Each structure stands twice: as structure tokens, then as C-alpha cells.
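Everything quoted here is computed from the prediction, not taken from an experiment. First listed ligand is number 1; within each ligand, the first listed atom is number 1.
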Amino acid sequence: MTEFLENFPLANLTTFKLGGNARYFTECRNTDGMLDAIRFAESKNIRYHILGGGSNTIFSDDGFDGLVLKIASRGIQFVREPDGVMIVAAAGEQWDDVVKFCIRSGLGGVECLSGIPGLVGATPIQNVGAYGQEVAETILEVKAIDLLTLRTVRFRNSECRFGYRRSRFNQEDTGKFIITEVAFKLNTVVQPEIRYPELRSFIASSIEMEKLASEAEKLEAVRNGVLALRRKKSMVIDESDPNSQSAGSFFKNPVLTQDKFDHLLDLCRKNGIEDSPPTFPSGEGVKVPAAWLLEKAGFHKGFRKGGVGVSANHALALVNYGGTTRELLLLAEEIQSAIVQQFGILLEREPVLVQ
Ligand SMILES: Cc1cc2nc3c(=O)[nH]c(=O)nc-3n(C[C@H](O)[C@H](O)[C@H](O)COP(=O)(O)OP(=O)(O)OC[C@H]3O[C@@H](n4cnc5c(N)ncnc54)[C@H](O)[C@@H]3O)c2cc1C
């Protein structure tokens, strides 16, 4: 029997720890529970919102006048195949538990994604990525409930339309599916490939990789390197670190056409900025770090406004230091308009606003 709780506080279900109450709340441990919840919302003629780990979610101070449906399904299957291993994980598994499981099993492909909070079901949505890896590289298939027909559907990797922090699930198909399971294809014969320069030099300076005997040990060493770097930037959830009360990066790094990038360089010169923005390789254009734009626009690490601010350890993370959603959104708008004015670029918000 699916239980529906009324007037349920939402703040502690998110990493921002912000937001009011949900009119109704339920936890779904399996597909039947999810279908029950949808039918419940339909019978009451109310909206529903799918919640994973709440690490990319901002709830309004007024809460949500509908049903919040929390994904709580569990299970990880290990399927050996001739050319690798397939891991099938339920949407409600913690993503980092899946990463640990893969590393312990000597499976490569997700080690650089260590320490990212949230649940498996959300990983395909914004094509979670860090330190030169993205889930799109290992996702084989996404299983979901089609919210129009309530039937199960499957998407092969190429059908997910992955890009930088995007997929069909946060673009044209936003809100159309509940992801119930994700299958990943991982590599058994691995020499961890470390593409991100900061991680490469950190590992080179702290670990003698060639002395490690097994693949699992090498993957574990990469994981430890990633976690150490993430901790320094408050990018792992740590109750004792106030700077981690965030959603990670608040804005996506803008990807500019060459013309727009040249225009940005002109504006930088006009604004008396001597250094040029660093750029990342991106198949889709020129990727500029949003953190650089924030700092140049005066929103440096540690900037505070009321109960919210910019993380003291990462210029791209907005943090709740005891404020409200309203304050957070006002700060985000202030940053966006300053950057539009100075650089002609509208930064896109990464976390999802639910109101
Ligand atoms: C400290 C910190 C560091 C972070 N670092 C990174 C990083 O390095 N890289 C990165 O990419 N992200 C990062 N993030 C962002 C976040 O962790 C990821 O986006 C994560 O995948 C969100 O998962 P979640 O389960 O918490 O999603 P939620 O916040 O619960 O949901 C996010 C969105 O997905 C939808 N959704 C969730 N589950 C499902 C489902 N099963 N079916 C359909 N829709 C669903 C929700 O409706 C919502 O629209 C970070 C966040 C924090 C707080």
C-alpha cells in the first residue's frame, strides 16, 4: 500500500536545505508504487514532481502544491558479457554507491565521477560529468515509465541525445518520463585514463600508480584523488562544511560559437580585463568557465548577500548559509544580469527550480 503523507517538509530532502512543504509526499520503492503515485495525483487533479536525491533541486519557500514523489527503488545487478560487464542499477540507488561498486569490482569508466551526490535515475538527465568523464560514455540503456501512456519504454544511448549537461530528458522531453533503471557498460581491462590536467598532476604528485598491482587499486587511487580535489572545493556533501550546502555548480559553463567568443574577447578588452578567459575543448563550440565570468563580474569566492552567497571554495557554487530560496534566486538573477551587462552572455541555471 502506497502511503501519502500530507504537508510534508521538503528542505531536508535537498542539499540546499531550502523550501517549504509539499501538499502530499510519497516514497516509491518500485514501479508499481510510482504508478500508484501518478494515479493518486491524477485522481486529485494535482501536479506531481519526481524527486531523486535533491542535489540539483531548489524548492520554493512556499513549498509545492502537489505531490512530491521520491524515488526509493533499490538494486544493482552485475551481468558479465564477452566484452565487459553490464551494471544495471535501480533509479533509487545512490550514484556514488554504484561508483564504489564498480571500482571494487575492478570496472573502469565511472571512477572520475566519484563523490557526485544524488541518485542513479538523475544521472542521465543532465548527463552528469566531472574531471573529464560523463555518464554518457558508459550508459547503455535507460529504462523509464512514459508518463503519458504509463508504459515502460527503453532508450538506447544514442536515443538519449546526450550533450554537455543535457539529454532529451532535460530538453524536449522534460517531465515526460520517470527513469526507473539505468544500464551501464563498463570496462574490465583498464588502465585508468585521466584526462583532466588538474587531476592528472594531483595523482602524479601523490600516488605511484605503477606500483599498484590490481586494476581495482588503480581505480581506487583515481577515486581518492577525485575525492580529495572535490573536498577542497566543497564539492562533496559534508554536514560539517557549510560551503557544501549547495547544488554544486549553479550555472552551466557557456558554450560559445567562435564569433561570440571573439565578441567576448572584445568586451574583455573594452572592460579593461587584461587576461583572456581560459577555454575548455568542447566539440560543440568554445566552452568558457562560468566561474571566471563570475569572478570578473565581482562575485568572488566568499561573496555574501544576506543568508546566501558564493562558496568560499568554488566560484561557481551558490550556497545557502541560512537564507531563503527567494534570496538565492535574487542573487542568481543579480549575477546573471551583471554578466549579461558586462559580457553579453546569459548564464543558464543548472539546478531545477520547483515551485
Ligand atoms: C556538492 C555537489 C556537487 C555536485 N557535483 C556535480 C558534478 O560534479 N557534476 C554534475 O554533473 N553534477 C553535480 N552536482 C549536481 C547533482 O549532484 C547531479 O545533477 C545529480 O545527478 C542530481 O541527482 P539527484 O538524484 O539529486 O536529482 P534531483 O535533484 O532529485 O533531481 C534533479 C532533476 O532530475 C529529475 N529526476 C530525478 N530523478 C528522476 C527520475 N528517476 N526520473 C525522472 N526524473 C528524475 C527531477 O525531477 C529534477 O528535475 C553536484 C551537486 C552537489 C550538491
Side-chain angles (χ1 to χ4, degrees), residues 10 13-19 28 31 34 37-38 47-59 64 66-73 89-99 110 112-136 142-147 153 155 162 164-171 173-182 196 199 226-227 229-231 233-239 241-253 311 313-314 316-320 349-354:
L10 294 169
L13 300 178
T14 71
T15 50
F16 264 129
K17 305 260 185 276
L18 286 173
C28 302
T31 306
M34 296 173 202
I38 294 158
R47 294 179 300 143
Y48 53 86
H49 174 74
I50 318 296
L51 181 68
S55 63
N56 219 17
T57 296
I58 311 167
F59 282 121
F64 182 68
L67 168 69
V68 169
L69 187 167
K70 163 104 178 133
I71 304 294
S73 51
E93 285 289 342
Q94 289 288 340
W95 166 249
D96 200 45
D97 287 347
V98 172
V99 174
V110 289
C112 295
L113 305 177
S114 294
I116 299 181
L119 306 186
V120 165
T123 58
I125 292 179
Q126 70 157 10
N127 179 18
V128 156
Y131 295 100
Q133 240 171 27
E134 292 179 334
V135 280
V142 171
K143 190 169 156 192
I145 301 172
D146 180 329
L147 291 169
V153 284
F155 300 96
F162 289 122
Y164 163 64
R165 295 297 174 275
R166 71 184 149 79
S167 71
R168 66 188 296 161
F169 308 111
N170 70 357
Q171 299 291 313
D173 286 341
T174 300
K176 290 192 187 161
F177 300 99
I178 300 183
I179 295 175
T180 53
E181 212 172 77
V182 185
Y196 202 80
L199 178 61
V226 169
L227 291 177
L229 288 178
R230 292 186 70 94
R231 264 187 216 108
K233 299 176 190 173
S234 299
M235 281 289 140
V236 285
I237 297 297
D238 176 350
E239 294 295 327
D241 177 1
N243 289 294
S244 75
Q245 208 155 274
S246 77
S249 301
F250 196 90
F251 299 106
K252 296 183 188 179
N253 292 316
S311 164
N313 299 322
H314 194 304
L316 201 46
L318 299 194
V319 175
N320 168 29
R349 191 184 60 226
E350 197 183 287
V352 176
L353 175 63
V354 185

Ligand 1 atoms nearer than 4.0 angstrom to some heavy atom of A130 are 8 (O)
CZ (F177) and CD1 (I145) are apart, to the nearest 0.5 Å, by 11.5 Å
Closest non-hydrogen atoms of D96 and G115, given as atom of the first, atom of the second and distance, are OD1-N, 2.8 Å
Counting from 1 in the order shown, the ligand 1 atoms closer than 4.0 Å to a non-hydrogen atom of H49 are 47 (O)
Result for side-chain contact (heavy atoms from CB on, under 4.5 Å) between F59 and one of V352, L51, L18 points to L51
message = Is there a polar contact between ligand 1 and S55, counting only N or O atoms under 3.5 Å apart?
response = yes
Atom 23 (O) of ligand 1 has as its nearest protein heavy atom A122 CB, 3.2 Å
Check: N253 main-chain N/O paired with Y164 side-chain donor or acceptor under 3.5 Å
yes
Of all heavy-atom pairs linking A130 and I116, the shortest is CB-CD1, 4.0 Å
Atoms of ligand 1 under 4.0 Å from any heavy atom of I125, numbered from 1 in the order shown, are 34 (O), 35 (C), 36 (N), 39 (C), 43 (C), 44 (N), 45 (C)
So the atoms of ligand 1 within less than 4.0 Å of a heavy atom of G248 turn out to be 2 (C), 3 (C), 4 (C), 50 (C), 51 (C), 52 (C), 53 (C)
Taken to the nearest 0.5 Å, the spacing of R165 CZ from E350 CD works out to 5.5 Å
Taken in chain and number order and not counting sequence neighbours, the residues that satisfy salt bridge (Lys or Arg N to Asp or Glu O under 4.0 Å) with R349 are none
Among non-hydrogen protein atoms, atom 13 (C) of ligand 1 lies closest to I116 CG2, 3.8 Å
Check: Are Q126 and N170 close enough that a side-chain donor and a side-chain acceptor fall under 3.5 Å?
Finding: no
dist N313:CG -> R231:CZ (nearest 0.5 Å) comes out at 13.5 Å
Below 3.5 angstrom, do we get any N/O pair linking T123 and ligand 1? no
When distances are taken from atom 42 (N) of ligand 1, the protein heavy atom at minimum range is I179 N, 2.8 Å
Is the closest N or O pair between I50 and ligand 1 shorter than 3.5 Å? yes
- Pair D238-S244, side-chain donor/acceptor within less than 3.5 Å: no
Sorted by chain and residue number, the side-chain hydrogen bond (donor to acceptor under 3.5 Å, both in side chains) partners of Y48 (sequence neighbours excluded) come out as none
Polar-atom distance check: V352 versus ligand 1, any N or O pair below 3.5 Å? no
of all protein heavy atoms, closest to atom 19 (O) of ligand 1 is Q126 NE2, 2.8 Å
When distances are taken from atom 8 (O) of ligand 1, the protein heavy atom at minimum range is R230 NH1, 3.0 Å
min-distance protein heavy atom vs atom 14 (N) of ligand 1 -> A247 O, 4.1 Å
If we number the atoms of ligand 1 from 1 as shown, the ones under 4.0 Å from a heavy atom of S246 are 53 (C)
inquiry  = Using only atom types and a distance under 3.5 Å, with no angle test, would you say the side chain of S167 pairs donor to acceptor with the backbone of P124?
reply    = yes
Closest to atom 28 (P) of ligand 1 among protein heavy atoms sits T57 OG1, 3.4 Å
for atom 24 (P) of ligand 1, nearest protein heavy atom and its distance come out as G53 N, 3.4 Å
| Polar contact flag for L119 and ligand 1 (N/O pairs, less than 3.5 Å) | yes
> So is V128 polar-close to ligand 1, meaning N/O to N/O under 3.5 Å?
Replying inline: no
Only one of V110, V120, V182, L113 passes side-chain contact (heavy atoms from CB on, under 4.5 Å) with V98, and that residue is V120
* Asked: Quick one: does G129 get an N or O within less than 3.5 Å of an N or O on ligand 1?
  -> yes
Correct closest heavy-atom pair for L119 and I71 would be CD1-O, 3.5 Å
Note: ligand 1 atoms sitting under 4.0 Å from heavy atoms of L51 are 30 (O)
F177 heavy atoms within 4.0 Å reach ligand 1 at atoms 43 (C)
Within 4.0 Å of some non-hydrogen atom of G118, the atoms of ligand 1 are 23 (O), 24 (P), 25 (O), 26 (O)
Subject >> ligand 1 N/O within reach of N56 N/O, cut-off under 3.5 Å >> reply: yes
